[in-house]
Amino acid sequence: MATLLYNTRPSLRPSRALSVMLADMLREPKAAPAQPTPAFAPATDVLETAEGFELHLALPGVKKEAVNIEFLDGQLVISGDRPNPAAAAKEAAATATEDNANEENKPAVVAPEAPATPKFRRVETNYGSFTRSFRLPETVNVKAISAELTDGILRLVLPFDTEKVTKQHIEIR
């Protein structure tokens with residue numbers, strides 16, 4: 001005797017199940033926001049070498065003057081600001097308008113129209129202020145920490161303190 005299987009739920013038929021599964025896989029997991037967030041945490045890589053630790057922070061578009069690095073109570077605190085290009089364009093337009101208002105006594109010159117400020121349609125990068133803090137072990141020589149910002153990567157070198165004894169074998173007499 002043969003057993004007949006009948007699928008009473010059409011949504012689970014094999015052909016439909018495959019198309020639903022493909023649609024779910026190709027759909028974006030969440031919609032990208034149309035406005036940037038006011039704060040973010042930059043991606044960081046921590047490496048350990050024979051000489052010490054290295055921190056690599058991804059800070060594209062951030063000038064070195066906008067980054068602040070401090071050592072407080074055993075923590076290395078890195079903070080700064082990545083300006084939003086739309087906000088910068090608005091400030092530039094406002095400054096240009098103020099300059100034109102201050103020059104009322106001068107003869108009228110037809111100025112070209114200022115370009116419209118850009119409007120975000122999709123935001124995948126981060127803008128705004130950022131802060132990252134890292135607890136440093138006592139083996140790091142805080143006075144010898146160095147930092148360099150090149151190609152959007154902030155590279156901090158945290159050398160080990162060679163004068164501190166972290167491990168020692170003691171022989172029994």
Side-chain angles (χ1 to χ4, degrees), residues 25-103 111-171:
M25 285 186 345
L26 297 175
R27 187 178 322 129
E28 291 188 41
K30 65 177 185 174
Q35 290 296 321
T37 58
F40 70 101
T44 305
D45 296 329
V46 180
L47 304 125
E48 184 175 2
T49 64
E51 293 83 28
F53 294 103
E54 283 188 24
L55 298 176
H56 297 180
L57 282 83
L59 298 173
V62 178
K63 296 179 181 176
K64 70 178 184 177
E65 294 83 21
V67 179
N68 186 28
I69 304 170
E70 295 179 339
F71 180 75
L72 302 167
D73 299 326
Q75 286 197 2
L76 184 68
V77 179
I78 303 163
S79 60
D81 188 51
R82 181 174 183 207
N84 179 338
K90 284 181 183 177
E91 288 176 14
T95 304
T97 305
E98 288 175 11
D99 290 344
N100 288 340
N102 291 338
E103 299 175 358
E113 263 187 48
T117 58
K119 182 178 178 183
F120 283 104
R121 295 293 183 185
R122 180 182 182 95
V123 179
E124 292 186 0
T125 55
N126 298 310
Y127 299 101
S129 61
F130 62 89
T131 301
R132 290 294 305 259
S133 59
F134 302 92
R135 175 140 324 263
L136 298 183
E138 293 181 12
T139 57
V140 172
N141 184 358
V142 177
K143 294 180 181 178
I145 294 175
S146 64
E148 177 183 17
L149 181 63
T150 54
D151 298 331
I153 302 293
L154 177 63
R155 181 176 175 255
L156 289 114
V157 177
L158 313 167
F160 290 133
D161 192 352
T162 56
E163 296 178 9
K164 287 187 182 178
V165 178
T166 58
K167 183 177 179 182
Q168 182 177 354
H169 179 72
I170 300 171
E171 291 186 29

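- The nearest pair of heavy atoms linking Pro42 to Arg132 is O-NH1, 2.7 Å.
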Kindly determine whether Val140 and Leu76 satisfy side-chain contact (heavy atoms from CB on, under 4.5 Å), including the steps that lead there. CA-CA 11 Å; Val140 172; Leu76 184 68; over 6 Å; no
What donor-acceptor contacts under 3.5 angstrom involve side-chain atoms of residues 51-72, with partners at least two apart or in another chain?
| residue | atom | partner | partner atom | Å |
| --- | --- | --- | --- | --- |
| Glu54 | OE1 | His56 | NE2 | 2.9 |
| Glu54 | OE1 | Arg155 | NE | 3.3 |
| Glu54 | OE2 | Arg155 | NH2 | 3.0 |
| Asn68 | ND2 | Glu70 | OE2 | 3.4 |

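- More than 12 heavy-atom neighbours from other residues, nucleotides or ligands sit within 6.0 angstrom of CD on Glu48.
- Ile78 places none of its side-chain heavy atoms less than 4.5 Å from the side chain of Thr44.
- The main-chain N or O of Ala144 is never found under 3.5 Å from a side-chain atom of Ser146 such that the two would form a donor-acceptor pair.
- Here the shortest heavy-atom pairing between Ser129 and Asp81 reads N-OD1, 3.3 Å.
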